[in-house]
Amino acid sequence: MDVVTARLTVSEACLELAASLRDVSPKDALAVTGRLRREGHSPALVAAAMTLAELRGEARPRLGDPVDSMVFHRAGLEQASRAVVAQLHAARFAQAHCRKVADLTAGLGTDAMAVARRGLGVVAFEADEATAILAAHNLAPWPLARVIHGDSLAGLEDVRVDGIFADPARRNARGRRHDPGDYSPRLDSVLDLRHQVRALGVKAGPALPHDAIPTDMEAQWVSVDGDVVEVGLWAGDAAHGSGHSALVVRGDEQHEIAGPTDRAGSGPLGEWLLEPDGAVIRAGLVGVLAEDIGAHLVDPSIAYLTTDAPASTPFARTYRVLERLPLDVKVLAKEMRSRDVGTVDIKKRGVDLTPEQLRPRLKLKGSQRATLVLTRLEGRHAALLVEPV
């Protein structure tokens with residue numbers, strides 16, 4: 001988004017028009033656009049209002065009702081923390097008794113807003129001028145929050161804060177960047193700030209290598225409804241100790257697991273198969289989970305666990321093993337026909353065959369639904385017919 005469009009988006013005319021478009025469905029968008037232009041609204045204003053109304057609708061499941069007073073552009077919305085995650089970040093700074101927090105990479109301001117709702121002061125830096133205009137609108141309800149357009153690391157010298165949060169950019173024109181050295185600002189430059197303030201929090205990509213995390217920081221991988229959204233790196237009074245943890249958020253429930261990152265032992269397939277949550281896997285805590293529930297790996301290189309007795313845990317999805325089959329398309333197709341299966345959910349780990357490749361080759365025509373797990377068992381490829389619990 002350019003600066004002119006950003007200023008138009010936060011104008012009173014655009015905000016009022018976008019509010020009136022809340023319930024417009026995508027299939028009606030073209031007709032509504034034509035009507036608004038016939039009513040005398042400029043094409044630029046109509047386009048900005050229609051876009052804002054559309055983005056508010058997309059943002060609502062992630063950010064809730066506050067979106068009705070917020071402004072967005074698409075890139076910023078894609079990168080914004082979900083409301084529940086932003087609240088977790090803000091809680092860390094509140095619990096650390098911070099009084100003012102600098103958000104070095106404010107974006108549209110969702111994390112800064114969560115901190116401001118806690119009654120803390122916020123200085124939100126944003127390098128892109130158009131995005132800074134939108135962030136200033138979103139943070140306007142909180143008098144202790146302000147937005148600064150400019151370089152955050154240089155700007156820190158001119159502000160007094162006792163907490164720092166950063167969500168370094170991990171995308172460029174070529175796509176997502178996994179190397180911490182390619183983050184903007186650089187991850188190591190941000191992490192060095194932990195020695196200057198009471199509390200530091202950094203949101204990084206869940207694929208962050210473990211060796212990029214300083215040993216004196218806490219690393220917590222977070223999943224929301226099965227989607228691993230980040231690894232939070234915490235230092236000072238915002239850290240809950242050091243080491244690795246996984247936080248699994250499902251609906252209104254939150255469950256945390258922590259411990260050493262030792263690998264679990266492996267053994268034969270039991271009657272039950274467990275698929276650890278992605279946050280548990282990313283954190284390297286499959287071994288801790290296995291010990292907690294009396295399970296072992298189905299293969300030393302695969303993050304599936306198995307038990308002989310049913311195990312209930314919020315940190316894994318449990319399946320009853322119905323049949324062990326060879327990873328052979330003809331055998332699988334015959335088994336699906338014998339069970340009248342017309343729809344199959346396919347999971348895979350440790351095999352090259354993809355669900356998209358396998359599903360059409362099964363030629364399913366039945367009325368039942370089944371779940372197949374393609375994996376390795378004791379060093380060999382196999383397919384498991386399982387039943388979700």
Side-chain angles (χ1 to χ4, degrees), residues 176 178 205-211 221 223 226-229 231 244 246 248 257 259-308 310-311 313-336 339 341 343-362 364 369-389:
R176 189 174 294 276
H178 296 292
L208 183 72
H210 288 191
D211 60 10
W221 280 260
S223 72
D227 183 17
V228 186
V229 296
V231 54
H244 292 192
V248 175
I257 186 171
T261 56
D262 296 334
R263 192 72 172 177
S266 61
L269 179 68
E271 295 183 22
W272 304 85
L273 184 77
L274 293 97
E275 180 184 22
D277 185 273
V280 176
I281 296 173
R282 292 285 193 183
L285 299 174
V286 174
V288 174
L289 176 59
E291 184 176 355
D292 286 349
I293 63 176
H296 57 259
L297 295 169
V298 299
D299 183 274
S301 63
I302 304 296
Y304 282 129
L305 296 171
T306 188
T307 61
D308 290 322
T313 173
F315 301 111
R317 182 73 187 274
T318 303
Y319 301 87
R320 183 195 300 272
V321 178
L322 302 177
E323 195 81 39
R324 175 175 176 169
L325 302 163
L327 188 51
D328 180 286
V329 175
K330 291 183 178 179
V331 173
L332 295 177
K334 182 179 179 180
E335 185 69 24
M336 296 300 101
R339 293 175 177 267
V341 172
T343 304
V344 64
D345 300 312
I346 302 174
K347 294 179 170 291
K348 58 156 281 186
R349 192 166 286 163
V351 300
D352 293 332
L353 184 64
T354 68
E356 294 73 22
Q357 293 169 333
L358 175 60
R359 191 173 282 110
R361 297 170 66 185
L362 296 177
L364 304 171
R369 191 182 193 108
T371 301
L372 279 174
V373 176
L374 315 181
T375 188
R376 295 174 64 87
L377 299 177
E378 303 165 18
R380 301 181 63 180
H381 288 154
L384 301 176
L385 182 64
V386 301
E387 178 182 59
V389 176

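Throughout, residue positions are numbered sequentially from 1 according to the sequence presented. Side chains are part of it too, since the values below use all heavy atoms of this structure and drop only hydrogens, waters and symmetry mates. Since the model is a prediction, treat every value here as computed from it, not as a measurement.
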Rounded distance (nearest 0.5 Å) linking atom [atom1] of [X] with atom [atom2] of [Y]:
| X | Y | atom1 | atom2 | result |
| --- | --- | --- | --- | --- |
| Thr261 | Leu285 | OG1 | CG | 7.5 Å |
| Leu358 | Thr354 | CG | OG1 | 8.0 Å |
| Thr371 | Leu384 | OG1 | CG | 11.5 Å |
| Asp277 | Leu289 | CG | CG | 9.5 Å |
| His244 | Arg282 | NE2 | CZ | 13.0 Å |
| Leu274 | Thr313 | CG | OG1 | 8.0 Å |

Backbone N/O of Trp272 and side chain of Thr306: donor-acceptor pair under 3.5 Å: yes
Side chains of [X] and [Y], heavy atoms from C-beta outward: is any pair under 4.5 Å?
| X | Y | answer |
| --- | --- | --- |
| Pro310 | Thr318 | no |
| Pro268 | Glu378 | yes |
| Leu372 | Leu385 | yes |
| Thr375 | Glu275 | no |
| His381 | Pro326 | no |

Please state whether the rings of Trp221 and His210 are parallel, tilted or perpendicular, taking 30° and 60° as the class boundaries.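 It falls in the tilted class, 30° to 60°.
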query = Does Glu291 CD have over 12 foreign heavy atoms under 6.0 Å away?
reply =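 At most 12 heavy atoms, drawn from other residues, nucleotides or ligands, come within 6.0 Å of this atom.
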